[in-house]
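These notes concern the structure reproduced below.
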Protein chains: 2
Amino acid sequence: MTLDATDKKILQLLQEDSKQTTKALSLKLNLSVTAIYERIKKLEREGIITDYVALVDPELLNAKLTVFCQVSLVQHTEDIVKAFETDILKFHEVVSCFHVSGDNDYLIKVLVPNMKAFRQFMVKKLTSLKYLGSTKSSFVMNTVKDSTAIPIT
Amino acid sequence: MTLDATDKKILQLLQEDSKQTTKALSLKLNLSVTAIYERIKKLEREGIITDYVALVDPELLNAKLTVFCQVSLVQHTEDIVKAFETDILKFHEVVSCFHVSGDNDYLIKVLVPNMKAFRQFMVKKLTSLKYLGSTKSSFVMNTVKDSTAIPIT
DNA sequence: ATTGAAACACCCAAGAG
DNA sequence: CTCTTGGGTGTTTCAAT
């Protein structure tokens, strides 16, 4: 599917604020409400827009500590990779998990209320996985930016 | 502000799907439409719900390469930290930037269409910052999980 | 927290460019 | 094919209880 400038603008605007009405969008883009509506439906149908979600303030929800862990596995067999990718999904503290190139195998993002909870996560959950090699943790001291919007080229 | 079980459930549901109607929520939670409505408005007013956004598929939007860069600065003076945190916001390829503890100073997440664009970003933008020390890049080979939902405790 | 009612947005049909 | 106009349906919002 090929996106024109109007589609791109719609995506940009909805990535910033999905609650704005089709009417508001129609005024910004000088189109009728229905034209906008049909374009949005198409973007949803094509799988370009995947979800509409509410974002919440982690600080206010007791997720005061964000930690990135670089994880290495003892081996890189398909079995172990599969097992890790299945097991990691069971830990609700892990909000992101990427298989990456470089010195380590995985980069995971962990959200917990405090250091005690992080310790619990490490001891009881992450490092209790048999096939786990090493882990290295980086604690987030300040979030400069953390956007869900994808740059549209 | 203290959240009861109903508030937490609402937050959980809206973090998964913000397009569901208050009526749908009212059925799931056995409350009236207005009761749900008032709770949501309160969560917005208190700043717990910060935004409603559309999520899009990066693959379909020409953001085929995700790279995490571990960045170190030459010094850690307040001036340099400030400068970096200002400058990094100007690069639209950088969707996230965290000041972290550990071997490096910052962890940034970069989204680009391809390797050529990444090279351009590194050469023309990131490493052209005078105060930049070292960088180490990890390329994402597979995204196992990447959720915007914060675990509610 | 609920009911009920007004205002509004969404969504579809029909038709124009 | 994508656009616009117009109207029915359902949702949001608010007042009263």
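The structure displayed is predicted, hence computed values, not measured ones. Per chain, numbering begins at 1; letters A, B, ... match sequence-line order.
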At a 4.0 Å cut-off to heavy atoms of chain B, the contacted part of DNA chain C spans C:dA1 to C:dG4
Any luck finding a side-chain donor-acceptor pair between [X] and [Y] under 3.5 Å?
X: A:Y106; Y: B:N142; answer: no
X: B:H76; Y: B:D105; answer: yes
X: B:D57; Y: A:T50; answer: no

Tell me every residue that passes salt bridge (Lys or Arg N to Asp or Glu O under 4.0 Å) with A:E16, counting only those two or more places apart in sequence or in another chain.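 None.
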Relative to each other, are the rings of A:F139 and A:F118 parallel, tilted or perpendicular (30° and 60° limits)?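 If you compare the ring of A:F139 with that of A:F118, the planes turn out perpendicular.
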Passing option when A:S96 is tested against B:T143, B:D146, B:T148 for side-chain hydrogen bond (donor to acceptor under 3.5 Å, both in side chains):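 Going through B:T143, B:D146, B:T148 one by one, the side-chain hydrogen bond (donor to acceptor under 3.5 Å, both in side chains) with A:S96 is satisfied by B:D146 alone.
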If we ignore hydrogens and angles and just use 3.5 Å, is the side chain of A:K8 paired with the main-chain N or O of A:T153 as donor and acceptor?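 Judged by distance alone, yes, a pair lies under 3.5 Å.
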Mind checking whether A:V110 and A:L132 sit in one hydrophobic cluster, side chains of I, L, V, M, F, W, Y counted as touching below 4.5 Å?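 Yes, it is one cluster - the side chains of A:V110 and A:L132 are joined through contacts under 4.5 Å.
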Treating Ile, Leu, Val, Met, Phe, Trp and Tyr as nodes and any side-chain heavy-atom pair under 4.5 angstrom as an edge, say whether B:V94 and B:M122 lie in one connected cluster.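 Yes, one cluster joins them.
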Near-strand residues of residues 4-30 of chain A, defined as heavy-atom separation under 4.0 angstrom from DNA chain D: none
Please list, in numerical order, the residues of residues 33-45 of chain A that have a heavy atom closer than 4.0 Å to any atom of DNA chain D.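 Only A:T34, A:A35, A:R39, A:K42 qualify.
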Residues, nucleotides or ligands: over 12 heavy atoms within 6.0 Å of A:K145 NZ: yes
Segment of DNA chain D, first to last nucleotide, that comes within the 4.0 Å heavy-atom reach of chain B: D:dT11 to D:dC14
side-chain contact (heavy atoms from CB on, under 4.5 Å) partner of A:R39, chosen from A:L11, A:I10, A:L3: A:I10
If a pair satisfies side chain to side chain donor-acceptor pair (under 3.5 Å) and one of its residues is in residues 22-35 of chain A, list it, with sequence neighbours excluded.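 Counting only pairs at least two positions apart or across chains, the side chain to side chain donor-acceptor pair (under 3.5 Å) contacts touching residues 22-35 of chain A are A:Q20-A:K28.
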